[in-house]
Amino acid sequence: MTETPPAPKATAPNAIAAVSEARQWDRLMAMAKLGAFRGVDGSEGVNRACLTPLDREARRLLIGWATAIGLAPSIDALGNLFLRHEGTEPGLAPVLAGSHMDSQPAGGRFDGIWGVLAALEAVQALREAGIATRRPIEVVAWTNEEGGRFAPGCMGSMAYAGNSPADAWDAVVDGEGIRFGDALREHLAAEADLPRRPLGVVGGQAPHAYVECHIEQGPRLETEGQDIGIVTGIQGSRWFLVELLGASAHAGTAPLSLRKDAVQDMVRAIAALNALMDDPTDVLRFTVARIEVYPNSSNSVAERVRFTIDFRHPAAKVLLDRGGRIEPTIRAAVRHCAVTVTERFHALPVEFDPMVTEAVARAATAQGLRALRMPSGAFHDAQFMVPLCPSGMIFIPSRHGISHNPAEYSSPEQVAKGARVLAQVLAELADLAELAEG
Ligand code: HGY
Ligand code: MN
Ligand code: MN
């Protein structure tokens, strides 16, 4: 449903005016240099995996900008990074705003990082406008949202929200066989100079609210000529890892009738899954995008295949029923291999809280922006904050709906509009104190 903006009636007008399009864009482009690469079409992409030296370099850059304006850094046992703007009543539950800084291996310059920089920009604008808030505001950068290096995604926010134990993924390995637990230990040692805070809700006090700015990563806002997405919720996601174990053999001598060919069984399994996941309405999302073959030699029959499944749907019933048929469908299709199916990620659909969605709607309307209420097809850290506190998201358009691709793009004007809406939402949720003197 599109909101038609009545006459602008912005609250915290000074903060909105203090949002700097140039400063935010310069910071985005500075971050885009860390892990920069050129896509096949010449687009400027980013490959910045979590818990790497590049990730730490980006975090130091962010911490430098934040401490320069008086925000206090801290990290928790999962490496989630918090940058605190103090409120006039420090004991009140804080408002959290942020996103993630890690990217896909062939990622873009905006996914995740814009949400962190928008939160920094909004808080800086509040401070420059001399606006004090009763509640503290904490800019947050969550560890490993993408799940590109270590699966699954959203490890930092899931551990923070108590959805999973902090050591749940220690044994998960990346493509080089490095364990998540070891990479995290190395990361925390490299950031040992930063104050450490307990993981999760500090002192039993959940955040007052959580707001995440993010690019839409789809085509709707651009196609429908909208400035802002008032995100109503996030669809459900389930990730599976499938291992098929056969036997390697000589490609020239082994009769096909005697083979236990893991690749051929994978093809059978994926064909059966395609039939299971057929959806004429094109609402369901089913993706196989990571395949490992062993021994991966052109003249040795494949002994072992591992492939991933990313399955998503907005309806919990479909997510559970259809998702529950994945393993039996694979087992029925496979002829010669031993089958192991492991579920690695299970995120049910969530609805965002009107306390946040209506604050976003009011801010967009007050600032004369066209806004659309819409769900998110991508998962986000906000999904795991929902059980903890009122949560919501602010979307801006993605050019041609492209994301997880170096051609991902939003304009300086679009990211500034998103940050201005966030500034107003934060002013409201963090409860404007009296205008600070000076
Ligand atoms: O995969 C996702 O939905 C998110 O962009 N990591
Ligand atoms: Mn993201
Ligand atoms: Mn992403």
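If you read the sequence from its start, that first residue is 1, and numbering goes on from there. Order of appearance sets the numbers: ligands from 1, and atoms from 1 within every ligand.
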**Q.** Sidechain N-carboxylate O distance under 4.0 Å for Arg23, Asp26
**A.** no
Q) So which protein N/O/S atoms does the Mn ion (ligand 3) have within less than 2.8 Å? A) Asp111 OD2, Glu146 OE1, Glu146 OE2, His404 NE2
Q) Per the salt bridge (charged side-chain N to carboxylate O under 4.0 Å, His left out) rule, which among Glu358, Glu224, Glu351 passes with Arg373? A) Glu358
Q. Any idea which residues sit under 4.0 Å from ligand 1, heavy-atom distances?
A. Glu145, Glu146, Gln217, Arg312, Ala378, Phe379, His404
Q. Thinking salt bridges, do Arg362 and Glu428 make one under a 4.0 Å N-O criterion?
A. yes
Q | Under 3.5 Å side-chain donor-acceptor pair for His100 and Asp111 | A | yes
Q. Salt-bridged, Asp55 to Arg48, with N to O below 4.0 Å?
A. no
(Q) Checking one value in my table: which N/O/S atom of His214 lies closest to the Mn ion (ligand 2)? (A) NE2
Q) Is it true that Arg60 and Asp193 make a salt bridge, defined as a side-chain N closer than 4.0 Å to a carboxylate O? A) yes
Q. Charged N to carboxylate O under 4.0 angstrom, Lys417 versus Asp227?
A. yes
In residues 338-350, what donor-acceptor pairs under 3.5 Å come from side-chain atoms, sequence neighbours left out?
residue, atom, partner, partner atom, Å
Glu343, OE1, Arg238, NH2, 2.9
Glu343, OE2, Arg238, NE, 2.6
Glu343, OE2, Arg238, NH2, 3.4
Glu343, OE2, His346, ND1, 2.9
His346, ND1, Arg238, NE, 3.4

For residues 154-164, tabulate all N or O donor-acceptor pairs below 3.5 Å that involve a side-chain atom, not counting sequence neighbours.
residue, atom, partner, partner atom, Å
Ser157, OG, Cys154, O, 3.3
Ser157, OG, Asp381, OD1, 2.6

Q) Is a salt bridge present between Arg399 and Glu222, judged by a nitrogen-to-oxygen distance below 4.0 Å? A) no
